[in-house]
Every structure is written in structure tokens, then in C-alpha cells.
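Not measured: the values here are computed from a predicted model. Quick note: numbers below take in every heavy atom, side chains included, and nothing from hydrogens, waters or symmetry partners.
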Amino acid sequence: MSPAIASVELAIETHGLTKQFGRQAAVAGIDLAVPTGSVFGFLGPNGSGKTTTIRMLLGLASATSGEISLLGRSMPGSLRSVLPRVGALVEGPAFYPFLSGTANLRRLDTADPGASAATRAARVQHALERVGLTHAAGKKVHAYSLGMKQRLGIANALLMPRELLVLDEPTNGLDPQGTREVRSLVRSLAAEGTTVFVSSHLLAEVEQMCSHVAVMRAGTLVAQGTLDELRGAGEAHARLDTPDPVAARQVLERLGLTPVTLVSAAGAPGHLSAALTAAAPAPEDIVAALVAAGVRVRGFTVAAASLEERFVALTGEGFDVAQ
Amino acid sequence: MSPSDPREPAVTGPAVTGPDSTGPAASVPEPTGHAAIATAVARPRGASGAALLGSELTVLFRRRRTWAMLAALAAIPVLIAIAVRLTSSPVTPGRGPAFLDRITQNGLFVAITALIVSIPLFLPLTVGVVAGDTVAGEANLGTLRYLLVAPAGRVRLLLVKYAGAAAFCVAATLTVAVSGALIGAALFPVGPVTLLSGDTIGVGESVLRSLLIAAYVTVSLLGLSAIGLFISTLTEVPVGAMAATIVLSVTAQVLDALPQLDWLHPWLFSHYWLDFADLLRQPIDWTSFGANALLQGGYILVFGALAYGRFVTKDILS
């Protein structure tokens with residue numbers, strides 16, 4: 001077993017975790033620190049190494065180098081004692097199509113040597129209830145929709161009381177209602193004290209659910225911290241919609257702001273954003289100054305920093321935010 | 001596997017885990033066959049393999065595919081019996097499969113004839129499908145990652161998978177034997193059987209002998225199952241593993257038929273497949289049974305160790 005890198009406060013801790021596929025590094029030396037009790041958003045574009053990292057955390061793939069500690073114990077050395085305390089949804093749900101939802105959960109439950117046979121039926125029932133699948137429990141998974149399979153996958157992660165949940169894209173394939181249910185499920189689990197590590201490429205989802213965030217880009221960790229730290233310590237932004245972006249930019253710069261041109265979905269260039277630092281004038285004065293300078297204002301909003309702006313800055317172009 | 005109380009609470013703590021060889025990054029000793037299997041069984045947490053084995057058998061025998069294959073096997077003796085029954089001319093001794101000429105005199109021979117007909121192709125075909133599917137099938141469905149995260153334990157899962165394949169071997173040969181006995185009794189007279197040694201045994205004992213032959217055939221298929229298990233750990237495409245296993249069984253029989261490769265014959269897993277005639281003598285000659293069991297045991301050890309070496313270090317990326 002590797003020397004103790006364990007820390008009581010961290011549910012997941014990695015040091016220099018690396019996975020090499022041939023000459024390409026899928027994950028290149030990341031240092032994750034997931035505090036116990038947090039809802040930790042693991043963000044990154046597709047192919048940035050999120051799932052590979054999760055596979056290494058769970059002992060499915062071996063790390064080329066680096067150390068992993070899960071719930072204070074070294075992995076994969078302590079796999080047998082750690083994994084029963086971890087529920088996981090890895091790269092989408094997977095089930096036996098010819099078995100019913102209930103039969104599938106029972107099957108996967110027998111694989112856990114610590115799962116009691118006496119309480120199996122009750123636990124399966126309870127897990128199905130928690131994800132709202134009781135009505136379809138007897139149906140063959142073959143007949144399930146993608147959203148139902150996703151729910152069944154989450155139910156599988158909840159078969160036993162867990163200290164840590166690793167959910168890889170848990171809302172994939174869910175309708176808006178299902179997405180909301182998953183969000184509230186995650187919140188209620190976190191309230192019970194479960195640490196939730198959730199990977200996603202949906203910024204809005206992470207913003208609503210998570211207390212902590214890490215961002216992956218091409219196999220490296222480009223940011224990690226609490227949601228507020230990542231948003232720029234709660235720094236608000238002013239967003240301006242104007243047909244006169246050039247003049248507006250001059251006015252804003254004169255006021256001591258550093259405006260950034262935002263590219264809207266339609267590609268129109270008339271959107272500017274500027275961080276409202278402590279030294280910045282009051283928003284109403286900014287608008288007054290703009291109007292006085294002859295800038296036509298279509299819209300002006302003040303909003304707390306969104307992750308999106310931060311991420312575009314962190315991960316550069318090519319980040320598939322919309323996906 | 002030692003039986004254990006599955007209600008035993010989850011034991012977590014430093015006391016339970018030694019250096020755990022099921023982790024992929026843990027140092028993996030050279031495959032050591034028996035030793036590897038023994039350590040797996042001795043591990044306290046690996047003890048409740050009974051529940052997983054039960055689940056494995058349930059999944060195997062709830063599949064329509066399994067039942068389709070067993071139905072096809074059951075049809076073989078039925079076809080033979082009906083064909084013999086409908087033919088007016090007596091079967092010439094020495095033509096067709098062994099014992100075919102005896103069927104009209106004694107229905108009990110239908111089972112034995114059907115086993116002989118099934119051994120070269122039909123039984124290896126179905127066993128190849130099941131054994132090739134063991135690990136690759138789970139990988140293909142994606143359930144392999146969930147079994148391992150549960151955590152099933154890689155060695156425990158491999159042992160359970162092999163036990164499942166072995167259970168299918170038993171089911172397959174028994175299906176042929178029982179179906180043969182039933183159709184034989186329905187269409188032909190049943191009476192005392194004259195053995196190859198000239199002795200005559202009663203119906204009861206001849207049924208026992210049929211079961212003994214079924215056991216012989218089951219043992220014959222265990223080596224092939226181990227090969228299938230190993231091939232199954234190499235791929236995520238179950239059809240590929242199935243095809244490779246079946247092709248190997250045919251290849252072994254072709255090689256066994258080439259006199260130029262005499263030296264190789266005793267090492268081929270199919271070499272003793274048809275040598276169960278000794279079980280039809282009085283007293284029973286166990287030589288071929290023993291030689292066959294030894295050979296199959298060797299194949300189980302070698303390919304079990306290879307499967308172990310491959311599977312415990314494998315990155316599960318499906």
C-alpha cells in the first residue's frame with residue numbers, strides 16, 4: 001500500500017494522477033481535492049478526461065502514475081473496503097435488457113459482498129422509490145427510455161447507504177422535469193451528509209447544484225475551488241446591449257471598467273460585459289454616463305458572475321457550452 | 001466456495017484488507033492457478049460468492065438464448081429417434097454414428113448415440129457461446145463496470161463466471177441425455193443392455209451408466225470453457241470471443257485427426273472427447289475418464305491462470 005496521503009476532510013484526493021493511453025495523456029497529473037460533505041462539480045468539455053479520471057478513482061482503470069485516496073484510504077489498494085461505501089454512475093447506465101428493473105438491481109446488489117440478502121428486496125424497493133421508478137419496476141429494461149435507464153442507474157448507486165456518490169453525467173437524457181428531480185435528489189443526499197462528486201458539461205446545472213467546482217481542460221485541471229471562488233469571489237458583472245459598441249466601450253473604459261465583448265448566440269457584436277469592481281461607479285451612473293455620451297442602450301443588466309464567463313476564460317475557445 | 005451467512009454486515013476497516021490483488025494497479029503475482037484460487041476463496045469478504053453465483057445462474061438461465069440452445073440440443077436425440085423409427089430398413093451395424101444400430105433393440109441407446117453426435121460440434125458450439133460471453137458479454141453491456149464497482153472483486157467475478165459456464169456444460173449434456181432417454185423410452189422397447197464386454201446390466205444400472213457418460217462429456221467440455229473464459233477477457237465483443245472459442249474446438253479436432261501430428265494429440269483438449277466407451281464395460285475401466293479429467297484439469301489451470309493474469313490488470317474502459 002502506498003504511503004498515507006489520506007486526509008480526513010477530503011472525500012477524494014489525488015496527487016499527480018496521470019493516465020497515459022499510448023503516447024497521449026488522457027489525464028495529465030491532476031491534484032483533485034474534494035472536501036467531505038461537498039457537492040463537487042467536475043466540469044469540462046467532452047474528451048477532457050473526466051470519465052477517465054472517474055474510472056481511475058473507482059479502480060476500473062489503473063493510473064499510469066500518481067496517487068488516489070478515496071474516503072481517506074488509498075486506492076486501488078483498499079478497493080474492497082472503500083467501494084462498498086461509494087455509489088457510482090459511470091459513463092451512463094448499463095443493464096441487462098432482458099431483466100426487469102428490479103431484477104437488474106438485485107443482480108448488481110449481489111455483487112457487493114457486504115450487501116445483506118435479508119434486506120435486499122426492501123433496499124431495491126426503496127432505491128426505486130427514490131428515483132420514481134416504482135411503476136416500471138417490473139418492466140424489462142429493454143422497454144425503458146433513456147431517462148428511465150438513467151434513473152435506474154442512479155437507483156443502483158443508492159442501493160446501500162453511501163458516504164460518497166460519484167455521478168458521471170447524471171442528467172444525461174433526462175427531460176427538464178427529470179433534471180430537476182435529480183438536482184433535488186442530489187441536494188437531499190448532500191443534506192444527509194453524503195459527498196456528491198458529479199461530472200457534467202452543463203454549466204447551468206453545476207451552478208445550481210454544486211458548492212465546489214473543478215474544471216478540466218485537455219487532461220489538466222485548470223481551476224478548482226468553491227463556486228464563489230470560481231465566479232470571481234462574487235464579483236458582479238454589468239451586461240450592456242447596445243447598437244453602438246465602439247462608443248460604449250470608450251465610455252466604459254473612461255469610467256475605469258474593462259469591458260469584454262461578448263458574442264451572442266446570434267453572432268451580433270452589440271453585447272459588452274464588464275466586471276463591477278469595488279471602485280466602479282454605481283450601475284445607474286454608468287447608464288447615465290452612457291446615455292449622456294450618446295450611446296443608445298437596448299438593455300443593461302447587473303448580474304452576479306456566471307460560471308460561463310469564467311469558463312470561457314479558463315478553457316478558451318472550443319468549449320462546447322451549449323451541449 | 002465456503003458457504004457463509006450473506007447477512008453478515010459489511011466489514012470495513014483496516015483489519016480486512018491485506019494487499020489486495022484485485023486492484024488493477026496492485027502488483028499482480030504471476031498467475032499461479034490453484035494458489036490464486038485458494039487466496040481468493042480464503043479472503044473473508046470473498047466468502048459470500050454464493051449470492052453472486054446464484055445471481056449469475058439466474059441471469060444465465062433467464063436468457064431466452066440459453067433456452068433456445070438447450071431446446072436445440074434436446075431436439076438432436078428426438079430427430080435421431082424419429083429418423084430411426086421411420087426407417088423401415090434395419091440400420092447396418094458399423095454405418096452412421098456408433099450405437100445407432102442398437103437403438104431399435106433398446107431405446108436407452110438413443111441418449112448415447114445423441115451424445116456422440118453432439119460432441120464434435122453442437123455441444124462445443126453452445127458451450128463456446130456461453131463461455132465466450134462470460135466476461136465480454138458483461139463488458140459489452142457495460143454491466144461489467146457496475147459489477148466491479150459494487151465491488152464484486154475481479155477474482156471472485158472470474159470464479160463465478162467460470163462456475164456459471166461449467167453449470168451450463170452440465171445442463172447441456174444432461175439435456176441431451178435426458179431428452180434421449182425419454183424419446184428412446186417412448187419410441188422403442190427398453191430392456192436390459194448388453195455391454196461392450198458382453199455382460200448384461202438392468203435398466204436401472206444402464207440409466208446410471210448414461211449419467212456417467214453425461215458426466216464424462218461434461219468434464220470434456222470444462223477445458224473448452226476455460227479457454228472461452230480466457231478469450232472472453234481479451235475483448236469487449238462477445239461474438240468475437242464465441243467465434244474464436246468455437247473455431248478453436250473445431251481446429252483441435254482437425255489436428256487430432258492428422259496422423260502427422262501424433263505427438264500433439266495427447267495434448268489436445270478434444271483428444272479424449274469420444275473415448276467414453278470404456279464406461280460401457282463391466283467392470284468399468286476408468287483409465288480414459290482419469291486421463292480426460294487430468295487433461296481438462298490442466299487446461300483449466302493454464303487458461304484459468306491466463307484469464308486471471310489478464311483480467312485483474314485489465315483497464316475496464318467499456
Rounded to the nearest 0.5 Å, how far apart are [atom1] of [X] and [atom2] of [Y]?
X: A:Thr52; Y: B:Leu317; atom1: OG1; atom2: CG; answer: 7.5 Å
X: A:Phe98; Y: B:Thr66; atom1: CZ; atom2: OG1; answer: 8.0 Å
X: A:Leu99; Y: B:Arg63; atom1: CG; atom2: CZ; answer: 8.5 Å
X: B:Leu141; Y: A:Phe95; atom1: CG; atom2: CZ; answer: 11.0 Å
X: A:Ser62; Y: B:Lys314; atom1: OG; atom2: NZ; answer: 12.5 Å

All heavy atoms of B:Val149 vs all of A:Leu83, minimum pair found to be O-CB, 3.6 Å
In short, B:Pro151 meets A:Asp112 closest at the heavy-atom pair CD-OD1, 4.0 Å
Sub-3.5 Å donor-acceptor pair from the side chain of B:Arg145 to the main-chain atoms of A:Val90, do we have one? yes
Per-residue contact mode, [X] against chain B (heavy atom under 4.5 angstrom):
X: A:Leu108; value: both
X: A:Leu159; value: neither
X: A:Asn156; value: side chain

Pairs of heavy atoms under 4.5 Å with chain B: top-ranked of [options]:
options: A:Asp109, A:Val166, A:Leu89, A:Thr51; answer: A:Leu89
options: A:Gly92, A:Ala111, A:Ala157, A:Ala103; answer: A:Ala111
options: A:Pro97, A:Pro93, A:Gly153; answer: A:Pro93

Check whether more than 12 heavy atoms from other residues, nucleotides or ligands sit under 6.0 Å from atom OH of A:Tyr144, and answer yes or no. yes
Taking the basic N atoms (NZ, or NE/NH1/NH2) and the acidic carboxylate oxygens, is any pair closer than 4.0 Å for B:Asp315 and A:Arg55? no
side-chain contact (heavy atoms from CB on, under 4.5 Å) between A:Arg107 and B:Tyr146, worked out: CA-CA 10 Å; A:Arg107 156 77 167 163; B:Tyr146 286 107; over 6 Å; no
Which answer fits B:Glu56, side chain, backbone, both or neither, if we ask what part of it has an atom under 4.5 Å from a heavy atom of chain A? both
